[in-house]
Amino acid sequence: MLYLVVGNGISGINTAEVIRERDKEGKIIIVTKERYPYYSRPQLIEFLAGNIDLDKLPFYSEDWYKEKNIEVHYGETALKIETEGKILKTDKNEYTFDKLIIATGAIPSKPNIENINTEGVFTLRNIDDALNIISYIKGKERAILLGCGLLGLETGRALSQRGLKIIGLEFFPRLLPRQLDDEGAKILQNIIEKKFSFEFYLGVKAQKVIGDGKFEGIELEDGRKIMGDVLIISAGIIPDIDLAKNSGLETNKGIIVNNFMETSAKDVYAVGDCAEHNGRIYGIIPACIEQSEVVGRNVTFDRVEYKGTLPFNSLKVTGVDLTSIGEIEAKEGCEVFVKKDEERGFYRKIIFREDVIVGAILLGNKRSYVNKILNLIKKRERVLNKEELINED
């Protein structure tokens with residue numbers, strides 16, 4: 001059995017690992033555009049900040065791939081799948097396969113504004129992006145973030161650790177609108193401004209990049225000009241579906257898959273940020289891991305369904321633990337309990353429907369408490385002592 005995986009990110013490598021656990025003899029080949037072994041994208045931030053060296057970035061060593069008997073072809077772009085003949089064509093080779101898994105992930109979205117491709121404008125998605133930014137910022141003083149989502153804030157924190165002044169421009173009127181409500185966003189903004197001296201412009205829209213061949217600043221739609229030395233765009237991601245489109249697979253915003261993560265072509269699967277399941281592209285690590293498990297089992301002749309992933313983000317934002325699960329705004333018929341301490345950057349909001357937790361925002365909470373809430377949500381346990389739960393240390 002020959003399993004061919006396109007992409008060496010979290011979805012691709014996890015799928016390969018599940019396959020190897022279940023099939024010790026089958027041949028596994030990974031084809032990837034990147035030139036490096038698998039690394040965790042969140043670690044790019046620590047590399048950008050100067051906290052870890054390049055050689056410490058790979059999560060798995062070359063020896064790990066050898067031990068697992070997984071063959072990797074680096075720096076190779078998959079171009080087209082001949083679905084009838086089960087052949088993958090790349091810019092360097094042709095491969096036959098029994099099962100093919102598309103794990104091409106996503107690419108950074110760039111807003112359609114004037115002069116956006118000027119020198120000094122960057123996105124951060126891979127190691128080469130980070131190396132280019134590190135090289136460019138030498139001797140620079142002011143970095144502008146276009147987009148203050150999770151990645152934008154963390155990128156800003158990393159650059160501030162390298163001594164740059166950070167200016168954040170955000171289209172929405174608050175930080176992290178998908179993860180935080182108004183109150184939580186204000187507390188987080190206060191922490192970041194105090195701790196890292198960020199300067200924020202919220203509810204603004206960029207109109208054009210200022211600079212003749214080299215970035216000098218951003219002109220906003222209202223006419224204001226924000227000057228700086230480098231621009232980092234964090235405006236979300238777009239599923240990388242070129243391979244699927246070139247191969248005649250059914251696509252929408254992502255590669256359309258059914259409950260078994262199968263595409264419209266027999267024995268071709270899609271997983272992770274490039275896959276669209278029931279009209280949804282998750283773009284979060286928990287979904288990548290859960291989908292990888294389903295695909296890995298199904299290509300090794302199991303038959304399990306993917307039932308969707310609970311919207312769940314848990315990470316450090318500029319050194320503060322933030323977890324956002326499920327619904328963050330209360331709807332009709334919900335009970336809401338809140339505990340906060342703005343001075344120490346603590347915010348806790350839990351939303352109940354019929355005594356079951358349907359959502360929570362946990363900013364600056366202990367990991368043990370976060371895990372407890374997550375387990376209660378997953379198990380759909382009824383909670384009767386709500387006051388006690390919200391006030392627990």
Stepwise side chain to side chain contact (heavy atoms under 4.5 Å, CB included) test for I144 and L146: CA-CA 6 Å; I144 297 177; L146 186 54; 5.6 Å; no
In sequence, state the C-alpha distance, the side-chain angles, and the governing distance for L54 and F47, and then conclude on side chain to side chain contact (heavy atoms under 4.5 Å, CB included). CA-CA 7 Å; L54 182 60; F47 174 58; 3.9 Å; yes
Carefully, step by step, assess Y3 and T15 under the rule side chain to side chain contact (heavy atoms under 4.5 Å, CB included). CA-CA 10 Å; Y3 306 96; T15 302; over 6 Å; no
Give the intermediate values and the outcome of side chain to side chain contact (heavy atoms under 4.5 Å, CB included) for residues D267 and D98. CA-CA 7 Å; D267 293 324; D98 293 302; over 6 Å; no
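In the model, N93 has a side-chain atom that pairs as donor or acceptor with a side-chain atom of E76 under 3.5 Å. Looking only at atom types and distance, the side chain of D181 has a donor-acceptor partner in the side chain of Y347 under 3.5 Å away. Defined by atom type and a distance below 3.5 Å, a donor-acceptor pair is missing between the side-chain atoms of Y282 and Q291. In this model, a donor atom of one side chain and an acceptor atom of the other lie less than 3.5 Å apart for N117 and K110.
More than 12 heavy atoms of other shown residues, nucleotides or ligands fall within 6.0 angstrom of atom OH in Y136. In R22, the CZ atom is crowded: over 12 heavy atoms of neighbouring residues, nucleotides or ligands sit closer than 6.0 Å. A 6.0 Å sphere centred on OH of Y74 holds more than 12 heavy atoms belonging to other residues, nucleotides or ligands. Other residues, nucleotides and ligands contribute only 12 or fewer heavy atoms inside 6.0 Å of the CD atom of E25.
Put simply, the side chain of Y38 reaches to within 4.5 Å of the side chain of Y65, judged on heavy atoms. In this structure, the side chains of V299 and V18 stay at 4.5 Å or more apart for every pair of heavy atoms. Between K86 and K99 there is no side-chain heavy-atom pair separated by less than 4.5 Å. Counting only heavy atoms from C-beta outward, the side chains of K339 and N391 approach each other to under 4.5 Å. Counting only heavy atoms from C-beta outward, the side chains of F215 and K140 never approach each other to under 4.5 Å. Within the 4.5 Å cutoff, the side chain of N298 has heavy atoms near those of the V304 side chain. Using a 4.5 Å cut-off on side-chain heavy atoms (C-beta onward), F97 and I81 make contact. The side-chain heavy atoms of L57 and L44, taken from C-beta on, include a pair separated by under 4.5 Å.
Using a 4.0 Å cut-off between charged side-chain N and carboxylate O, K372 and E392 make a salt bridge. Ion pairing between K386 and D355 holds under the 4.0 Å rule for side-chain N and carboxylate O. The pair R353-E327 meets the salt-bridge criterion, since a charged nitrogen lies less than 4.0 angstrom from a carboxylate oxygen. Looking at K33 and D240, a side-chain N of the basic residue comes within less than 4.0 Å of a carboxylate O on the acidic one, giving a salt bridge. Looking at E154 and R157, a side-chain N of the basic residue comes within less than 4.0 Å of a carboxylate O on the acidic one, giving a salt bridge. In this structure, E305 does not pair ionically with R297, as no charged nitrogen and carboxylate oxygen lie closer than 4.0 Å. Between E34 and R41 there is a salt bridge, since a side-chain N of the basic residue sits under 4.0 Å from a carboxylate O of the acidic one. Ion pairing of E141 with K165 is absent here, as no side-chain N (NZ or NE/NH1/NH2) approaches a carboxylate O to less than 4.0 Å. A salt bridge is defined here as a Lys NZ or Arg NE, NH1 or NH2 lying under 4.0 Å from an Asp or Glu carboxylate O, and E262 with R303 meets this definition.
In this structure, the side chain of N14 does not engage the main chain of I289 through any donor-acceptor pair within 3.5 Å. Remark: the backbone N or O of L243 is not paired with any side-chain donor or acceptor of N246 at under 3.5 angstrom. Checking side-chain atoms of D53 against main-chain N and O of D55 turns up no donor-acceptor pair under 3.5 Å. Looking at E82, its side chain never comes within 3.5 Å of a backbone N or O of E84 through a donor-acceptor pair. Looking at D23, its side chain does come within 3.5 Å of a backbone N or O of G26 through a donor-acceptor pair. When atom types are taken as modelled, the side chain of R348 and the backbone of G364 share no donor-acceptor pair closer than 3.5 angstrom. For the pair N190 (side chain) and K186 (backbone), a donor-acceptor distance under 3.5 Å is absent. With hydrogens and angles ignored, the 3.5 Å screen pairs a side-chain donor or acceptor of S292 with a backbone N or O of S11. With hydrogens and angles ignored, the 3.5 Å screen pairs a side-chain donor or acceptor of S264 with a backbone N or O of E250.
Tested against V383 for a side-chain contact (heavy atoms from CB on, under 4.5 Å), the candidates I390, L389, I373 yield a single pass: L389. Test I13, I70, N8 against Y60 for side-chain contact (heavy atoms from CB on, under 4.5 Å) and you get one pass: I13.
Qualifying salt bridge (charged side-chain N to carboxylate O under 4.0 Å, His left out) partners for D229, counting only residues two or more places apart in sequence or in other chains: none.
Tracing side-chain contacts under 4.5 Å through hydrophobic residues (I, L, V, M, F, W, Y), one never reaches V268 starting from I87; they form parts of separate clusters.
One distance of note links CD1 of I30 with CG of L4; it measures 9.5 Å at 0.5 Å rounding.
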Show me the donor-acceptor pairs, under 3.5 Å and distance only, between side chains in residues 197-212 and residues at least two apart or in other chains.
| unit_1 | atom_1 | unit_2 | atom_2 | d |
| --- | --- | --- | --- | --- |
| E199 | OE2 | Y201 | OH | 2.7 |

